[in-house]
Number of protein chains: 2
Amino acid sequence: MTSRPGARERLLDAADELFAAGGFASTPVDAVLARAGVAPATLYAHFGSKTGLQAAALSARLRRWDDAWAAAVAAADDDRTRLLAVFDALAAFRSTGTPSRWCAFLDAAAGAADDDAVAATALAQDTALLRGRLGELAAPVAGDRAEELAEHLLVVVSGALAMALRTDPDRAFAQGRATAAALLAGWR
Amino acid sequence: MTSRPGARERLLDAADELFAAGGFASTPVDAVLARAGVAPATLYAHFGSKTGLQAAALSARLRRWDDAWAAAVAAADDDRTRLLAVFDALAAFRSTGTPSRWCAFLDAAAGAADDDAVAATALAQDTALLRGRLGELAAPVAGDRAEELAEHLLVVVSGALAMALRTDPDRAFAQGRATAAALLAGWR
DNA sequence: GTCTATACCCGGATAGAC
DNA sequence: GTCTATCCGGGTATAGAC
């Protein structure tokens, strides 16, 4: 048990929390530095730029989200519950650490300029993870129409995330789960 | 038929197009001024600030979206098609003028700081419009469960808008319509 | 009302010492 | 690797003339 994490680690943690909570665009580098207790030059030595820090933070966040979702799936009993577990995972993931406003990956893409490769890549990886695992989990339920069902659920998940901007995020995730459940109830 | 619209009008048009296309946060005032062919002082004389201009532009945009959606509903034949018309309206609305990246109201809220009243108000009005009309249109289909169905559809519409960040917007809207249709097909 | 010119400040990034 | 101090640009907003 190390006494205190290194500067790099603290920068990543601070960036992840603050970017997710306040949005990347409207979170100044100074805020990250202050929370991490680190000097500006240290940030640029490690990550090169604010965008570089964002890329590293989003990459780490994607891994953690992947794990959290996998854990929620593992905790579910039947095929249908495993499909809906993504919404429980969203709520659980949000409750760890500083709560995020909505989705950090969608936020990165929304706030970025059109030619921002970092944001586009991060969102693409998140989308691939969602589409892929939803497809796997949909197979036992929808058979050869698994991809079709997965795409529907991807819309609902994205909708739940966007709804977090319109209303309370916890409410949004619960509503997303209900919508997905209604979709499954009438499936086929 | 006036020869050339006034500066105020041109500012509103330019702001609407550029903010929707590039995002409010990453669109500098200079870009709006250049497109409108107007001097900085004129903007501040009319709207007070960049945020003031945003508020006026979003307000006008909401009215136009309202009209576009109503027109799409009026063009539909049956109850089910009227409910799904929102997706056709989204595609049609996007095809008028400079195409927007996703939803200007969600974008405003996503990019803004937590205490931004303009963005919050604009998004709240958009949400109220969606929820209200979806509820009305859902009544013939869902009866006393109209509000429940409307909330599901609000999630799907929001999902379609968020999906516009993940993939091609036209594709996203088409997928949203398909998801809503699947939901309706299994309703009850 | 609209222009030109400019002030001001915030925020990302760097220089150089330790 | 990390710090202190500073630079520099871009972007919002204003002063003052027409």
Side-chain angles (χ1 to χ4, degrees), chain A residues 2-58 107-108 110-119 122, chain B residues 2-58 107-108 110-119 122:
Chain A
T2 65
S3 58
R4 191 188 186 221
R8 184 190 179 86
E9 207 61 29
R10 296 206 311 281
L11 277 170
L12 281 174
D13 288 349
D16 180 69
E17 290 192 11
L18 294 179
F19 290 165
F24 174 75
S26 50
T27 302
V29 172
D30 296 16
V32 180
L33 296 172
R35 167 171 284 239
V38 161
T42 305
L43 187 161
Y44 291 95
H46 280 288
F47 301 101
S49 68
K50 184 189 179 186
T51 302
L53 175 60
Q54 177 193 32
L58 285 179
D107 173 76
D114 293 339
D115 59 347
D116 188 326
V118 166
Chain B
T2 63
S3 58
R4 192 188 186 221
R8 184 188 180 87
E9 206 62 27
R10 296 206 310 280
L11 277 170
L12 281 174
D13 289 349
D16 180 69
E17 290 192 11
L18 294 179
F19 291 165
F24 174 73
S26 50
T27 301
V29 172
D30 296 16
V32 180
L33 296 173
R35 168 172 283 239
V38 161
T42 305
L43 187 161
Y44 291 94
H46 280 288
F47 301 102
S49 68
K50 184 189 179 184
T51 302
L53 175 60
Q54 177 193 32
L58 285 178
D107 175 75
D114 293 340
D115 60 346
D116 188 327
V118 165

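Order of the sequence lines sets the chain letters (A, B, ...), proteins ahead of strands, with each chain counted from 1.
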**Prompt:** Roughly how many Å is it from CG in B:L11 to P in C:dG1, rounded to a whole number?
**Reply:** 13 Å
**Request:** Check the distance between D:dG1's C1' and A:R8's CZ and give it to me in whole angstrom.
**Result:** 12 Å
**Prompt:** Does the side chain of B:V29 come within less than 4.5 Å of B:Y44's, by heavy atoms?
**Reply:** yes
**Item:** DNA chain C contacts made by residues 18-35 of chain B, counting heavy atoms under 4.0 Å
**Value:** none
**Side-chain donor or acceptor of B:R10 paired with backbone N/O of B:P5 under 3.5 Å** = yes
**Heavy-atom side-chain proximity of A:Q54 to A:F47 below 4.5 angstrom** = no
**Fill in**
Ranking C:dG16, C:dA13, C:dC3 by distance to the side chain of A:A41, first place goes to C:dG16
**Prompt:** Rounded to whole angstrom units, what separation is found between the CZ atom of A:R10 and the C1' atom of D:dT2?
**Reply:** 10 Å
**Asked** Quick one: which of C:dT2, D:dA13, D:dT2 gets closest to the side chain of B:P40?
**Response** D:dA13
**Item:** d(CG, A:L53; P, C:dA13) in whole Å
**Value:** 10 Å
**Prompt:** Any side-chain N or O of B:S49 less than 4.0 Å from the OP1 or OP2 oxygen of D:dT12?
**Reply:** no
**Message:** If I take atom CD in residue A:E9 and atom C1' in nucleotide D:dT2, what distance separates them, rounded to the nearest angstrom?
**Reply:** 17 Å
**Prompt:** Expressed in angstrom and rounded to an integer, what is the separation of B:F47 atom CZ from C:dG1 atom C1'?
**Reply:** 13 Å
**Asked** What is the distance, rounded to the nearest whole Å, between atom CG of B:L43 and atom C1' of C:dG1?
**Response** 13 Å
**Message:** Quick check on D:dT14: is either OP1 or OP2 less than 4.0 Å from any side-chain nitrogen or oxygen of B:Y44?
**Reply:** no
**Asked** How long is the span from the CD atom in B:E9 to the CG atom in B:L12, to the nearest 0.5 Å?
**Response** 6.0 Å
**Asked** How long is the gap from CG on B:D116 to OG1 on B:T51, to the nearest 0.5 Å?
**Response** 6.0 Å
**A:L33 side, atom CG; A:T42 side, atom OG1 - distance, nearest 0.5 Å** = 8.5 Å
**Item:** A:L58 and A:F24, any side-chain heavy atoms less than 4.5 Å apart
**Value:** no
